[in-house]
Structure formats: structure tokens, C-alpha cells
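Down below is the structure, laid out as C-alpha cells.
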Number of protein chains: 4
Amino acid sequence: MTKRELIMDAAASLFAEKGFYAATVEEIADRAGIGKSTVYEYFPSKEHLFRETLKGGLESYMEAMKGRLKQPCSVRDVLTAIGTAHFNFIQKRTSAARILAGENSSQSPWADELLLQLRERRITMFSSLLSQGIERGEFRRVDSRAAAEVFLGVLGVLCMPVLRGGEDDKKGAAERFYHGIDIFFSGILDQE
Amino acid sequence: MTKRELIMDAAASLFAEKGFYAATVEEIADRAGIGKSTVYEYFPSKEHLFRETLKGGLESYMEAMKGRLKQPCSVRDVLTAIGTAHFNFIQKRTSAARILAGENSSQSPWADELLLQLRERRITMFSSLLSQGIERGEFRRVDSRAAAEVFLGVLGVLCMPVLRGGEDDKKGAAERFYHGIDIFFSGILDQE
Amino acid sequence: MTKRELIMDAAASLFAEKGFYAATVEEIADRAGIGKSTVYEYFPSKEHLFRETLKGGLESYMEAMKGRLKQPCSVRDVLTAIGTAHFNFIQKRTSAARILAGENSSQSPWADELLLQLRERRITMFSSLLSQGIERGEFRRVDSRAAAEVFLGVLGVLCMPVLRGGEDDKKGAAERFYHGIDIFFSGILDQE
Amino acid sequence: MTKRELIMDAAASLFAEKGFYAATVEEIADRAGIGKSTVYEYFPSKEHLFRETLKGGLESYMEAMKGRLKQPCSVRDVLTAIGTAHFNFIQKRTSAARILAGENSSQSPWADELLLQLRERRITMFSSLLSQGIERGEFRRVDSRAAAEVFLGVLGVLCMPVLRGGEDDKKGAAERFYHGIDIFFSGILDQE
DNA sequence: TATGAATGAGTTTTCATTCAT
DNA sequence: GATGAATGAAAACTCATTCAT
């Protein structure tokens with residue numbers, strides 16, 4: 001692992017744990033097992049380091065989503081696959097995910113913007129899938145933007161337990177995750 | 001308005017805008033129109049001030065939810081009423097809401113805890129309502145915890161546009177909000 | 001003496017002794033007998049502090065020159081009076097003078113500019129006096145700009161011994177000073 | 001050109017531009033087109049490098065002055081020749097000259113000392129020439145030390161325009177230079 | 001010999017908090 | 001109470017210097 005990666009990993013985990021401000025460059029360096037000023041050999045400032053961390057997380061998230069989109073099956077299946085990919089990403093790259101999850105509480109103005117962009121991209125993606133599904137007759141004629149937002153929110157909340165402390169309840173989390181996705185598709189009303 | 005309230009208001013808006021770290025005590029005092037050290041007459045530390053701000057937002061949120069629960073009508077209507085109350089709260093007390101929305105990106109460890117508690121309380125409430133609804137036959141037999149989480153998430157995302165910059169698109173936001181709630185109840189599948 | 005002045009004095013003497021870079025804010029604060037961060041209550045940065053120091057020296061220099069210009073006597077006397085004022089200033093406000101003397105060796109780009117401006121103002125002043133003297137027939141028809149520069153240089157070098165360490169040789173310095181001025185007026189050639 | 005010279009040249013120009021502190025070893029290495037630590041193969045420290053640069057400038061300055069002294073002509077001519085040599089040196093080796101010109105604004109305590117020594121040597125030289133001239137009856141009986149200082153100062157100021165930015169006004173500078181020298185010899189008084 | 005990489009010591013700057021009035 | 005002024009502790013950042021190759 002290159003030293004740059006070492007630093008980014010340390011940074012990612014600390015930013016995830018404590019946020020941008022509370023994490024100090026010294027801690028990051030310590031966790032990376034290097035001297036404080038070495039950080040500055042690789043990143044011109046703490047802010048740049050955070051930005052890179054963010055971008056890294058973002059890229060690897062987008063990567064994780066790849067290939068889920070063009071399977072020749074129902075849109076419902078595609079969305080479920082995306083959900084699965086999302087859930088897996090959260091489990092494997094928890095600290096990256098934690099940083100990406102901080103849509104609110106501005107860590108810094110430009111971070112907000114990047115995260116907002118991510119949000120928009122995801123909503124656009126979902127929205128277009130949902131439109132497809134509607135055209136194909138899979139889904140009823142809902143407002144695809146609203147539905148996309150809902151899907152986004154559902155993915156978000158359902159992963160929160162994992163983002164929190166928890167190694168503990170992985171199975172439960174997964175189950176509830178799929179149950180939640182199901183509710184998104186079928187609603188909760190009793191419609192016999 | 002008492003001086004204490006003056007401070008808390010200033011604090012709430014600044015914490016909402018910039019987060020706990022980036023907001024300085026001096027700015028807060030300035031915005032409140034008082035001297036910097038006066039803040040310390042009313043709050044022992046910046047952290048306490050934040051805590052109080054948080055608690056204040058929390059209380060007024062709980063207050064806003066009150067009375068929505070015991071109407072003699074369908075559980076669906078109760079949940080919708082809660083959604084409405086939530087949406088109205090977000091619009092009227094945007095900065096309080098912004099602070100409460102920062103579930104992720106820890107501003108401070110104990111803040112996380114408080115917000116986690118709020119989350120739990122809300123889930124419990126929703127969950128119990130959903131159980132009621134299931135018993136009454138209004139809803140199908142979903143996992144009420146999972147459904148509660150989903151409902152929470154739906155309320156969250158749908159309010160984000162309002163929490164962001166936006167005075168702009170209030171009507172659109174409201175429409176999409178109710179559309180989203182509807183999706184929660186009915187799902188998106190075409191089930192003729 | 002106000003605290004601001006206390007700081008500026010400490011700063012002036014340290015900047016004079018060691019230059020902008022080698023003088024640390026901590027030393028300045030120590031010499032002023034205050035805490036390091038107090039400096040920042042009065043000046044937004046070390047650079048600003050330096051700038052103010054410079055400006056202060058500049059103003060008090062210009063002040064010291066005032067009133068020397070409009071005496072109803074020969075231009076030679078006016079120039080000599082200016083020389084005297086200059087010499088006295090150097091002796092009374094040695095550290096301010098030392099800073100102003102640093103025309104070369106850039107302490108910082110904008111400092112250079114300020115000092116260059118001072119140089120220009122002085123040359124202009126001398127030049128105009130010299131032109132007067134020429135018109136009146138006191139001086140021969142020299143290039144007034146060149147002569148002004150020479151006068152400036154003469155004032156400068158002749159004061160250097162005082163700017164250096166020396167309490168030691170005050171009388172000698174004064175004597176040589178006036179002797180030097182005389183050379184400026186009469187040259188060194190033997191012209192009987 | 002040896003690597004040592006490469007480094008010294010780069011150092012000279014950077015020290016001239018920015019002063020001792022603002023010039024970094026890295027920049028110097030970059031400008032010399034070598035690796036940073038190679039500098040340390042040739043010079044034990046930045047300070048030593050500066051010292052060498054200074055000494056180099058000093059030597060080449062002394063070199064430039066050589067041979068001007070023993071011509072069998074008037075002392076006035078010798079001094080003028082020295083002035084010319086000085087002026088030429090300033091134009092050809094501007095950055096070395098800039099460093100040597102920084103008599104004031106201490107870049108470092110020992111640098112001050114070296115420059116002070118240079119100053120003394122030059123004054124001694126001028127002073128002895130002037131004494132000769134007085135004995136020969138070329139000059140009137142001035143204090144030769146004072147006159148030497150004045151000559152030094154005159155050479156200094158008159159070269160400043162060249163040391164500043166200026167490729168622009170070379171002819172004007174040269175003219176004013178000789179005019180200034182003339183003033184040193186003849187004074188400015190009208191002595192018909 | 002040459003150098004990229006690493007770093008420790010030191011510097012500026014920030015800001016919550018205290019204290020005298 | 002209310003507050004301006006003062007500050008210590010901590011944080012980001014710089015850079016000359018060293019070291020392994």
C-alpha cells in the first residue's frame with residue numbers, strides 16, 4: 001500500500017469517526033504511522049486531504065454501483081441490485097460510507113456541494129430507472145422524482161444501523177434492509 | 001424575548017449554518033447583539049450551549065408532534081398528520097431542523113447520542129402506530145420496526161430540499177412530500 | 001501608553017534588530033510583556049503588524065521633517081535643517097529608522113513598495129528644493145534629480161554608524177555628518 | 001559550469017529576489033535544476049550557502065575593482081574609474097550586487113558582519129585615495145573618512161534604480177550616475 | 001555522487017474561556 | 001448582570017535537514 005493510500009485510509013477513518021474539524025492532522029499522521037509533516041508531502045492542506053478522501057469514497061461508491069444498471073431483467077430487480085450493492089458498500093467501506101452519509105451538517109462548504117452533487121446524480125439515476133419501470137408497466141404512474149427521493153431516503157435510513165456502531169446485528173440489519181426495500185415497492189397498505 | 005433566548009436563537013441559526021465547530025462563540029454573541037462573555041453568564045460552555053440548542057430544537061419538535069397521535073381516525077391519517085406536522089416544523093423552524101437533521105457527521109460525541117435517542121424515540125413511536133395499524137387491519141403484516149425506519153427515512157429525505165437553500169420551490173416541495181408519503185403507503189408497484 | 005503602542009514599540013525594536021522573518025510574534029509579545037495571542041487582538045497578522053510599524057515610522061519621520069521647509073532663508077539652510085532633523089530622528093527613534101533604512105533586502109514585497117514610495121517622496125522634495133536653489137542662483141545648474149538622489153544617499157550613509165551599534169561615538173558621528181553635508185554642497189575639489 | 005556554481009548562481013538570484021528567509025532551499029535546488037538534498041552535498045547548511053554566495057559576490061566585486069587603482073593619473077580619475085567599475089558590476093552582476101546592497105535589514109547577524117567588513121574595506125580604500133588626493137593638492141582638506149563615506153553613499157544611491165526593476169532606463173541611469181559623481185567632486189554651490 | 005522521501009522543531013494563527021471592571 | 005480585554009492551549013502548516021537507496 002502506498003504511503004498516500006496509508007494516509008487516505010487513516011484520514012477516512014478519522015474523518016468518519018469525528019468529522020472534519022475534530023480530526024486533527026496529527027492524529028491522522030499517528031494513525032497512518034508517519035510523521036505529521038509527511039501528510040503535507042502528499043496533500044497541500046487538511047482541506048485538500050478531506051476533499052480527496054471524499055472524492056475517493058465517491059469514486060469507489062460509483063464503482064460499486066457499476067454494472068448494476070443494464071441487466072436484462074425487471075427494473076425492480078435492478079433497483080434491488082442497486083440496494084444490495086449499496087448495502088454491501090456500506091459494510092465493506094464503512095468509513096468511506098460514513099463520510100458520504102454526512103449530507104447534512106456542513107463539514108465545509110465545498111464538501112456540502114460535492115455531496116449535493118452525489119445526491120443529485122443518484123436521484124437522477126433512480127428517477128430514470130423509475131420512469132423506465134413506469135413505461136414498462138412495472139410501476140404505477142408515480143412522480144418519478146419523488147419516488148427517487150424516497151428510494152434514496154430508504155437506502156439511507158436502512159443503512160444507518162450499520163453506519164453506527166454495529167458489528168453486532170448484521171443479519172438483522174440485512175433482513176430489515178430487504179424488508180424495507182420491499183415496503184418501498186409494495187407499500188404497507190393491506191390491499192387484498 | 002429574554003437574553004437567554006436571544007442567545008439560543010443566534011446559536012441555533014449559526015450552528016445550523018456552519019456546524020458546531022465552524023460557528024464561533026464570538027459570532028453567536030454578535031448575532032445575538034450582546035457581548036461575548038455574556039454568553040458564559042447563561043451557558044457554562046460552547047458545548048453546553050449547543051446541547052441546549054439541540055435540546056430546545058428537540059423539545060419544540062416533540063411539541064410540534066403532540067396532539068397528532070390520539071385522534072379517533074385511521075392510523076394512516078395519524079401518520080399523515082405526523083408527516084404534515086414534521087413538514088411544517090421544518091418550514092417554520094428551519095435552523096432547529098437543520099441541527100436535528102445532522103444525524104450523521106458527528107458534531108460531537110454526545111450530540112450524536114442525543115440525536116440517536118431522538119431517532120429511537122421516533123422509531124418507537126412510528127413502530128407502535130404501525131403495529132396498531134396492522135392489528136386493525138389497515139396495514140399488511142410488515143415488520144413494524146423496518147417500516148418505521150422507512151417512514152423516518154422518507155420524512156427525512158423529502159424535507160431535505162427545504163433544509164437546503166430553498167425558499168424557492170415550496171409548493172413543489174409540499175407536493176412531492178405528500179406524493180412521497182403516499183408511496184410509503186401504497187408502494188410503487190402497479191397492482192391492478 | 002496604550003497596549004497597542006506597547007506592541008508596536010516592541011515590534012519596531014525587534015523588527016529593527018532582526019528583520020521581519022527572524023523576529024517572532026512570541027518574542028514581540030514577550031518584549032511587550034503580554035501574551036502571544038493578545039497581539040492578534042490588535043493586529044490581524046504579523047504582516048499587518050509590520051505594515052503598521054512601518055507606517056508608524058514613516059509618519060513620525062514625515063512629522064519630524066515638517067516645518068523645516070518654509071523658513072525664509074537660503075535653500076542651503078533648509079537642506080541643512082532637513083539633514084539635522086534626519087540625524088536627530090535617527091538618534092531618537094533608532095529602531096523606527098532602522099526599519100525605514102531597509103530599502104533593500106525585501107522583507108516582504110509590499111514593504112518594498114512602501115519604502116520605495118518614501119524614497120520617491122523624499123527625492124521629489126529634495127529635487128524641488130534644489131530647483132529652487134538653482135533658480136535663486138544659490139546652486140549651479142546641476143540635474144536636480146541626480147543631486148536629490150545624491151543628497152538622499154549622503155543622508156543615508158552618514159547615519160549608518162548611528163544605526164549600527166553605536167552609542168559610542170555620538171559626537172564624532174555628528175561632526176562627520178555635518179562635514180559630509182558640507183561636502184555635498186562644496187564638493188571636495190580644491191578650487192581656490 | 002560545475003554543479004557547485006550552478007547552485008551558487010541559483011542561490012544568488014533567489015537570495016537577491018527574496019532575501020535569505022523567503023528563499024527556500026527547495027526553490028534554489030529547483031532553479032539549479034537539481035535535487036534538494038544535493039545542495040547539502042556542496043554546502044553544509046542554508047546559512048553556509050548564503051555565506052558563500054555573499055563571499056562570492058564580494059570577491060567578484062573586489063575583483064571588478066582591481067587594476068583601477070594604480071594608474072599613473074589623477075586621484076579623481078581613479079575614483080571615477082572605481083565608480084565606473086562599480087556601476088558596471090551592478091549592471092552585469094545585478095543579483096550579486098543586490099545581495100551586497102543589503103547592508104541594512106539584517107538577513108542574519110553574521111551576514112551583517114561580513115557586509116560591515118566590506119563597507120569598512122571600501123571606506124578605507126576610498127579614504128586612503130582621498131588622503132592621497134589631498135596631499136597631492138587635488139582635493140581640499142576635507143575629513144577623508146567623512147568624504148569616503150559620502151562617496152560610498154553616492155555610489156550606493158545612484159545604483160539603486162538599476163538594482164530595482166530596471167532594464168528600462170539604462171542610459172538615463174548612467175548619465176545621472178556620472179552627474180552624481182561630478183557633484184561629489186564639485187559640490188552644488190555656485191562658485192563663480 | 002545524487003536524490004526523493006520523511007520528519008522534528010518551530011511559527012503563525014485561532015478561539016473557548018477567564019477576569020477585572 | 002454585562003462586557004471588553006487578555007490569554008493559554010492547541011491546531012495547521014513550513015522548511016531546513018537527514019537518511020536510505
Side-chain angles (χ1 to χ4, degrees), chain A residues 2-4 6-7 20-30 32-50, chain B residues 2-4 6-7 20-30 32-50, chain C residues 2-4 6-7 20-30 32-50, chain D residues 2-4 6-7 20-30 32-50:
Chain A
T2 77
K3 200 150 286 192
R4 191 171 197 278
L6 221 58
I7 295 170
F20 176 72
Y21 287 102
T24 75
V25 174
E26 194 161 25
E27 273 176 316
I28 292 169
D30 284 355
I34 58 168
K36 188 182 4 174
S37 36
T38 304
V39 172
Y40 289 91
E41 291 290 320
Y42 293 90
F43 303 92
S45 74
K46 188 189 179 186
E47 205 158 294
H48 278 78
L49 173 54
F50 186 36
Chain B
T2 76
K3 205 156 277 195
R4 193 173 196 279
L6 224 55
I7 296 169
F20 176 71
Y21 287 100
T24 73
V25 174
E26 194 160 26
E27 273 176 316
I28 292 169
D30 284 355
I34 59 166
K36 186 176 18 167
S37 33
T38 305
V39 172
Y40 288 88
E41 294 292 324
Y42 294 90
F43 304 91
S45 76
K46 187 191 181 186
E47 211 160 286
H48 278 79
L49 172 55
F50 185 35
Chain C
T2 76
K3 198 149 288 196
R4 192 172 197 277
L6 221 58
I7 296 170
F20 176 72
Y21 289 102
T24 74
V25 174
E26 195 161 24
E27 273 176 315
I28 292 169
D30 283 355
I34 58 168
K36 189 181 4 175
S37 37
T38 305
V39 172
Y40 288 90
E41 292 291 319
Y42 293 89
F43 303 92
S45 74
K46 187 190 180 185
E47 206 159 293
H48 277 78
L49 172 54
F50 187 37
Chain D
T2 77
K3 205 157 277 195
R4 194 173 194 277
L6 226 55
I7 295 170
F20 177 72
Y21 288 101
T24 72
V25 174
E26 194 160 24
E27 272 175 318
I28 292 169
D30 284 355
I34 58 165
K36 189 178 9 170
S37 33
T38 305
V39 172
Y40 289 88
E41 293 293 324
Y42 294 90
F43 303 91
S45 75
K46 186 191 181 185
E47 211 160 284
H48 279 78
L49 172 54
F50 186 34

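Note that this is a predicted model, so its numbers are computed, not measured. No hydrogens, no waters, no symmetry mates; every other heavy atom, side chains included, goes into these values. Below, read A as the first sequence line, B as the second, and so on, with proteins coming before strands; counting in each chain starts at 1.
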key: Shortest non-hydrogen separation from C:S45 to C:Y40 and the atoms involved   = CA-CE2, 4.0 Å
remark   = Rounded to whole Å, OH of C:Y21 lies from C1' of E:dG10 at a distance of 16 Å
Spatial distance of atom CD1 (D:I28) from atom CG (D:L6) [nearest 0.5 Å] = 12.5 Å
Point-to-point distance, once rounded to the nearest 0.5 Å, from CG of D:L49 to CD1 of D:I7 = 7.5 Å
remark   = Closest non-hydrogen contact found for A:A29 with A:K36 is CB-CA, 3.6 Å
task = Kindly give the heavy-atom pair with the smallest separation between D:A23 and D:E27, and that separation in Å.
result = CA-OE1, 3.7 Å
ask   = For B:A23, which contact category applies under a 4.0 Å heavy-atom criterion: base, sugar-phosphate, or nothing?
value = sugar-phosphate
query = Nearest-Å distance, CG (B:L49) to P (E:dA16)?
reply = 11 Å
key: Length of the CZ-P vector between A:F43 and F:dA12, whole Å   = 15 Å
Distance, rounded to the nearest Å, where C:H48 contributes NE2 and E:dT13 contributes P = 10 Å
inquiry  = Tell me if a side-chain donor or acceptor on A:K3 pairs with a main-chain N or O of A:Y42 at a distance below 3.5 Å.
reply    = no
message = Tell me the interatomic distance from A:Y40, atom OH, to E:dA9, atom P, rounded to whole angstroms.
response = 18 Å
DNA chain F base-pair string [pairs: Watson-Crick or G-U under 3.5 Å; |: paired with another strand] = .||||||||||||||||||||
ask   = In whole angstroms, how far is the C1' atom of F:dA16 from the CD atom of D:E27?
value = 13 Å
Grab the N/O contacts between the protein and nucleotides 3-7 of chain F below 3.5 Å, and write none if there aren't any.
unit_1	atom_1	unit_2	atom_2	d
F:dT3	OP2	B:G35	N	3.3
F:dT3	OP2	B:T38	OG1	2.4
F:dG4	N7	B:S37	OG	3.0
F:dG4	O6	B:S37	OG	2.3
F:dA6	OP1	C:K3	NZ	2.8
F:dA6	OP2	C:Y42	OH	2.3
F:dA6	N6	B:K36	NZ	3.4
F:dT7	OP2	C:G35	N	2.9
F:dT7	OP2	C:T38	OG1	2.4

message = Nearest whole Å is fine: how far is E:dA2 C1' from D:D30 CG?
response = 15 Å
remark   = Of C:F20 and B:E47, the one whose nearest nucleotide on DNA chain E sits closer to the 5' end is C:F20
remark   = Heavy atoms of D:K46 and D:F20 approach each other most closely as NZ-O, 2.8 Å
task = Rounded off to whole Å, could you give me the NZ-to-P distance for the C:K46 and E:dG10 pair?
result = 15 Å
